[in-house]
Structures are given as structure tokens and as C-alpha cells.
S.K.: 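My questions all concern the structure below.
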Protein chains: 2
Amino acid sequence: MELPIKISKDSREPIYHQIVNQFKALIAGGQLPTGTPLPSIRALSKDLEISIITTRRAYQDLEVQGFIKTLQGKGTFVAELADDLKQEVKVSSVHKIMENAINTAINYDYNLEQIKDIFLEILHTYPKGKGDN
Amino acid sequence: MELPIKISKDSREPIYHQIVNQFKALIAGGQLPTGTPLPSIRALSKDLEISIITTRRAYQDLEVQGFIKTLQGKGTFVAELADDLKQEVKVSSVHKIMENAINTAINYDYNLEQIKDIFLEILHTYPKGKGDN
DNA sequence: TATACTGTGTATATAAACATATACACTATA
DNA sequence: TATAGTGTATATGTTTATATACACAGTATA
């Protein structure tokens, strides 16, 4: 599987944190089941064009948070996680980032109707995926 | 006017950058017209419970980007900005953060229909403001 | 009109967080 | 046992945030 990990070096969010968030999403979202091997820190570093240490830092964070397990010399794998915990992470993370987007739009003096229109317009530019009804 | 500047110390986004973004929103959104005095770096530092230097850093960034003018000993004021430039900042900033929210939701394996429902549900929890129709 | 005071922004030195290059150690296998 | 894969540790530079001391502008008042 080709991992859809994308980072932005221009963003003010630390690179290691962008990586952590995206793996959390893939794991909590169920796209990476228990036991799935993650890319090696070298492979991911090369892919994202960042340092090995930064990738390692991200994997360490994910391990501390219980999302993955690392085995020296062997690799890094998705850890076992309770389904309700995954669901909790999924719901709260998306909720939080949606609120953040709305708050920013309000700060820019858009009203609720305008915010709805803008959001739907952007959403319509996304191609329908296989999971969509 | 009571400025609605809010920062999160837990966020991974640098504090000075949070401040910059929010002032950009207020200025580009037209809520702070040309010449409006900003709070002094000390007043804002005290209000947000952060260091003077961090506030200053934010104001310096805003000045470099042309949003404000600082006069030593006098204070800091909203600079003159072309309306179409304000509009451009407004549209692109909101567009960007909306896309970011959608991309995160997709990473968590929500489909487009679900994303729309979640967004509208959250939007409905916001009170209607005076600018709303 | 001198000067003290209180407001404003500014500069220097220091600590913590983030990102890196380089060298090291463990695991599997040809 | 050599080699190519994995994760790990040490030393270093950059970015972010801070405390403290400094300089300029306006004003009250002796």
C-alpha cells in the first residue's frame, strides 16, 4: 500500500507532529490494521525528504501514545488498539479541526451562511471515493 | 473594542504565528480599519499571559508583511492596505484552512457525505451573529 | 522650561524545542 | 561471516520563547 503521508515544510506545525497526526488518522481510521508494518525510518525519511532523526522522533511519539510498536533491527508495526479508543480519536480530531476552520472563517468576518457555501463549494471539488455512497 | 485574540499554548503552532494569523484576519476581514491602534506589546503580553518579546515578534512579522506600522514611543497602528489585497488574503486563508480540515477528515476515512454532515452539525452549534442573514 | 513620570517600542543574552549529519548497534539472510 | 536491512545515540545548528535592561514620545507640574 502506498501511504498517503504528506508534509509541508512551510507549515509552522513541526514536521514530526504532522507525521504523527497523519499516522494517527490512518490507524484510528482503520486503514492501517494491527500488525501492519510502517515504512522504515530511512524509507520514510527519503520519501519525505527529511532527516532520519525527525522520522524517528515521530515514531517515538506514536509509540509513547500507544499507536505503534518498534522492534530494533526488525521494524515498526501498528499496535493493537481498542476500537472504541480509535473511534474516540477519530471523532474528536476531526471535530476539533472543523471547529478551527469555522473559527478562522468567523475571524475573517464571514457569516455562517457564507461559511456553509464556501465549505460546500470546496467539498464539491473532491472526487467521489470508493467508500462514498 | 475588545480584541478577540485567543492563543493556545498547547498548540504546536508558534504563539507569535497564532497572533499574526489572527490580526491578519481582523485586518483583511475589515474589522480593524486603517489607522486603528493595536494594543501595546505590554498590554497584549499581559492579556495573553506571554512574554513581551513574543508579542513584539508577532508585530514585527505583521509589519514586514505590510499589515501594520509601528512608531517607537507612540504605538502600533493598522497600515493602509488595498481592498483587493485584503480580499485575496481573506479568501485564500479561509480556503486553505477549509481544505486542511477536509483532508484531515478524509485521512480519518470519512467519506464526503459524512464530512458534510459533521461540518453542518458543528456549524449549527454556532449562534447566529448580527452580520448573518 | 526643566524634569520627573508613565506610556510606547527596542536590544542583548539565555533556555527550550525542533531538525539535522554522522556514527553506532541489532536482526535476518545470502 | 559478510552484507544489507532495521532502529539507536551523540553532537550541533536553527527556531521559538523568555527575562532583563535600554531608548524614545508625550504630559503633568514644580
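Chain letters run A, B, ... following the sequence lines, proteins first, then strands; residues in each count from 1.
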S.K.: Identify the 5'-most and 3'-most nucleotides of DNA chain D with at least one atom closer than 4.0 Å to a non-hydrogen atom of chain B.
M.R.: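 Taking any atom under 4.0 Å from a heavy atom of chain B, the span is D:dT16 to D:dG26.
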
S.K.: Within residues 6-23 of chain A, which residues have any heavy atom lying less than 4.0 Å from an atom of DNA chain C?
M.R.: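 Contacting residues: A:Pro14, A:Ile15, A:Tyr16.
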
S.K.: Is the shortest side-chain heavy-atom distance between A:Leu38 and A:Val78 below 4.5 Å?
M.R.: yes

S.K.: Can you tell if the side chain of A:Leu123 reaches within under 4.5 Å of the side chain of B:Phe119, non-hydrogen atoms only?
M.R.: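 No, side chains not in contact.
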
S.K.: Among B:Leu62, B:Asp61, B:Ile68, find the residue that satisfies the side chain to side chain contact (heavy atoms under 4.5 Å, CB included) test when tested with B:Lys24.
M.R.: B:Leu62

S.K.: Do A:Val94 and B:Ile115 have side-chain heavy atoms sitting under 4.5 Å apart?
M.R.: no

S.K.: Quick one: is A:Lys74 getting a side-chain N or O under 4.0 Å of the C:dA28 phosphate, OP1 or OP2?
M.R.: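 Indeed, a polar side-chain atom of A:Lys74 lies that close.
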
S.K.: Counting N and O atoms only, with roles assigned by atom type, does the side chain of A:Gln18 sit under 3.5 Å from a partner on the main chain of A:Ser8, one being a donor and the other an acceptor?
M.R.: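 Between the backbone of A:Ser8 and the side chain of A:Gln18 there is a qualifying donor-acceptor contact (under 3.5 Å).
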
S.K.: Short of 4.0 Å, heavy atom to strand atom, which residues of residues 58-68 of chain A count as contacting DNA chain D?
M.R.: none

S.K.: According to a strict under-4.0 Å criterion, is A:Ser51 in side-chain N/O contact with OP1 or OP2 of C:dA19?
M.R.: no

S.K.: Side chains of B:Lys6 and A:Asn103, heavy atoms from C-beta outward: is any pair under 4.5 Å?
M.R.: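 The answer is no; the side chains never approach within 4.5 Å.
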
S.K.: Taking atom NZ as the centre, does B:Lys86 end up with more than 12 heavy-atom neighbours from other residues, nucleotides or ligands that are less than 6.0 angstrom away?
M.R.: yes

S.K.: Tell me: CG of A:Leu48 to P of C:dA19, nearest whole Å?
M.R.: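 The distance from CG of A:Leu48 to P of C:dA19 comes to 12 Å, rounded to the nearest Å.
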
S.K.: Indicate, with yes or no, if A:Leu120 and B:Ile106 share a hydrophobic cluster defined by side-chain heavy-atom contacts under 4.5 Å among Ile, Leu, Val, Met, Phe, Trp and Tyr.
M.R.: yes

S.K.: Whole-Å distance between C:dG7 C1' and B:Leu38 CG?
M.R.: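 One finds 16 Å between C1' of C:dG7 and CG of B:Leu38, rounded.
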
S.K.: Hey, is the side chain of B:Arg42 pairing donor to acceptor with the base of C:dG7 inside 3.5 Å?
M.R.: no

S.K.: Please determine whether the number of non-hydrogen atoms from other residues, nucleotides or ligands lying under 6.0 Å from atom CD of A:Glu121 exceeds 12.
M.R.: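 Check fails, neighbour count at 12 or below.
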
S.K.: B:Lys69: which residues meet the salt bridge (charged side-chain N to carboxylate O under 4.0 Å, His left out) condition with it, sequence neighbours left out?
M.R.: none

S.K.: Could you state the atom-to-atom distance from CG of B:Leu44 to P of C:dG7 in whole Å?
M.R.: 17 Å

S.K.: For A:Glu49 and C:dA19, give me the distance from atom CD to atom P, rounded to whole Å.
M.R.: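 Nearest whole value for this atom pair: 16 Å.
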
S.K.: Does B:Glu99 use its side chain to pair, donor to acceptor, with the backbone of B:Lys96 at less than 3.5 Å?
M.R.: no

S.K.: Are A:Ile50 and A:Ile19 packed together at the side-chain level, in the sense that at least one heavy-atom pair is separated by less than 4.5 angstrom?
M.R.: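 They are in contact (side-chain heavy atoms under 4.5 Å apart), so the answer is yes.
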
S.K.: At what angle, to 10 degrees, do the two end axes of the helix from C:dT1-D:dA30 to C:dA30-D:dT1 meet, given five pairs define each axis?
M.R.: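 That helix has its two terminal axes inclined by roughly 10°.
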
S.K.: Classify the nucleic acid contact of B:Arg57 as base, sugar-phosphate or nothing, counting any heavy atom under 4.0 Å across all strands shown.
M.R.: sugar-phosphate

S.K.: If the cut-off is 4.0 Å, is A:Thr54 near the phosphate of C:dC18, judged by side-chain N/O to OP1 or OP2?
M.R.: no

S.K.: Would you be so kind as to tabulate the donor-acceptor pairs closer than 3.5 Å made by side chains of residues 51-60 of chain B, with sequence neighbours excluded?
M.R.:
from	atom 1	to	atom 2	distance (Å)
B:Ser51	OG	B:Ile53	N	2.9
B:Thr55	OG1	B:Ser45	OG	2.8
B:Thr55	OG1	B:Ser51	O	3.4
B:Arg57	NH2	B:Tyr16	OH	3.2
B:Tyr59	OH	B:Pro39	O	2.7

S.K.: With heavy-atom distances below 4.5 Å as the criterion, would you say the side chains of A:Tyr108 and B:Val91 are in contact?
M.R.: no

